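Report on one structure; see the data block that follows.
Predicted model only: the values in this text are computed from it and were never measured.
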Amino acid sequence: EKDIENIVIPEVERNYGEVTHLLIDWDDVFEVTKSQYFVYYYSVNCSHCSEMKNWIIEQALNRDDIFFVKGSAKDKLRNDITGTVSATKVEDIAILGYPSCIEFKDKKVAKNVAGKSKIIQLLS
């Protein structure tokens, strides 16, 4: 396990405009043509997302497996997401809140985590 306290947040001020080419719609998360990838769910009004913004954008710009879903009214937020692991269709996906990150492997949900430390661990 990586020590998340030692993760370096880049000094460069990033903005989501830098990753518009990686932005996908909630309904299209299974449409990515990779066997393994990550989808980062964020809200522009979320303080925790703001803390992670520079780091997650830096990661995405230096990899080819991170995509973004911007929070909207259609997002499904739930208190229990354990049933979402192994989901194969978008109707079965929910997140705990923002920020969240879902790992997809072979068109199935492999992991679904929320919060800064869990997302950093998942992507490191």
Side-chain angles (χ1 to χ4, degrees):
E1 296 254 324
K2 289 203 171 201
D3 179 11
I4 65 154
E5 298 307 315
N6 292 327
I7 295 290
V8 177
I9 304 293
E11 291 298 314
V12 177
E13 185 60 34
R14 296 289 187 187
N15 72 70
Y16 291 112
E18 296 178 77
V19 291
T20 51
H21 63 292
L22 301 172
L23 192 62
I24 56 177
D25 192 72
W26 177 282
D27 294 327
D28 297 332
V29 295
F30 283 102
E31 305 302 316
V32 175
T33 58
K34 295 183 169 295
S35 61
Q36 180 181 9
Y37 57 96
F38 302 89
V39 177
Y40 177 76
Y41 297 83
Y42 72 98
S43 171
V44 289
N45 301 325
C46 164
S47 63
H48 300 290
C49 298
S50 293
E51 287 175 24
M52 291 224 24
K53 183 177 72 164
N54 289 339
W55 185 83
I56 192 69
I57 292 172
E58 187 80 17
Q59 291 295 307
L61 292 173
N62 288 294
R63 299 167 59 155
D64 67 351
D65 62 349
I66 299 174
F67 299 88
F68 293 78
V69 170
K70 183 178 178 181
S72 75
K74 74 164 109 177
D75 298 354
K76 286 200 264 175
L77 303 173
R78 270 195 222 135
N79 291 332
D80 182 12
I81 55 168
T82 51
T84 66
V85 174
S86 296
T88 57
K89 53 189 200 262
V90 74
E91 297 80 28
D92 297 332
I93 296 179
I95 57 173
L96 285 174
Y98 305 107
S100 285
C101 192
I102 296 180
E103 178 182 9
F104 292 84
K105 275 190 189 167
D106 302 318
K107 299 294 178 195
K108 259 197 297 209
V109 172
K111 290 189 177 123
N112 186 344
V113 301
K116 182 178 172 184
S117 61
K118 288 187 175 164
I119 291 170
I120 289 171
Q121 284 176 345
L122 180 64
L123 294 174
S124 294

Starting at [atom1] of [X], measure out to [atom2] of [Y] and round the result to the nearest 0.5 Å.
X   : Y    : atom1 : atom2 : value
S47 : E51  : OG    : CD    : 6.0 Å
Q59 : M52  : CD    : CE    : 8.5 Å
Y42 : I119 : OH    : CD1   : 13.5 Å

So do the side chains of [X] and [Y] get within less than 4.5 Å of each other, counting heavy atoms only?
X    : Y    : answer
W26  : K76  : yes
L61  : E18  : yes
Q121 : V113 : no
F104 : V109 : yes
D64  : K34  : yes
D28  : F67  : no

Can a donor-acceptor pair be found, under 3.5 Å and without considering hydrogens, that links the side chain of [X] to the backbone of [Y]?
X   : Y   : value
Y37 : V29 : yes
N54 : E13 : no
K70 : D25 : no
K53 : Y16 : no

- Message: Atom CG of residue position N79 - does it have more than 12 heavy atoms of other residues, nucleotides or ligands inside 6.0 Å?
- Response: no
- Name all residues meeting the side-chain contact (heavy atoms from CB on, under 4.5 Å) criterion together with E103; count only those two or more places apart in sequence or in a different chain, and write none if there are none. Q36, F38, K105, A110, K111, L122
- Message: According to side-chain contact (heavy atoms from CB on, under 4.5 Å), who are the partners of S72, at least two apart in sequence or on a separate chain?
- Response: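 Residues passing side-chain contact (heavy atoms from CB on, under 4.5 Å) with S72: K74, D75.
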- Message: Applying side-chain contact (heavy atoms from CB on, under 4.5 Å) to H48 and K116, what does each step give before you reach the verdict?
- Response: CA-CA 7 Å; H48 300 290; K116 182 178 172 184; 5.9 Å; no
- Task: Heavy atoms only: give me the nearest A60-L22 pair and the separation to one decimal.
- Result: CB-CD1, 3.9 Å
- Over all heavy atoms of both residues, which pair between S100 and A114 is shortest? Give the atoms and the distance, please.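 The pair with the smallest heavy-atom distance is OG-CB, 3.5 Å.
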- Passes ring-ring contact (aromatic ring centres under 6.0 Å, His included), Y40 versus F68? Steps please. CA-CA 5 Å; Y40 177 76; F68 293 78; 5.7 Å; yes
Contacts under 3.5 angstrom, residues 84-97 side chains, donor-acceptor by atom type, not counting sequence neighbours:
{"residue": "T84", "atom": "OG1", "partner": "I81", "partner atom": "O", "Å": "2.6"}
{"residue": "T84", "atom": "OG1", "partner": "N112", "partner atom": "ND2", "Å": "2.9"}

- Task: Consider only side-chain N and O atoms of S43 and N45, and report whether a donor and an acceptor are under 3.5 Å apart.
- Result: no
- For the pair K108 and D106, find out whether any cationic side-chain nitrogen is under 4.0 Å from an anionic carboxylate oxygen. no
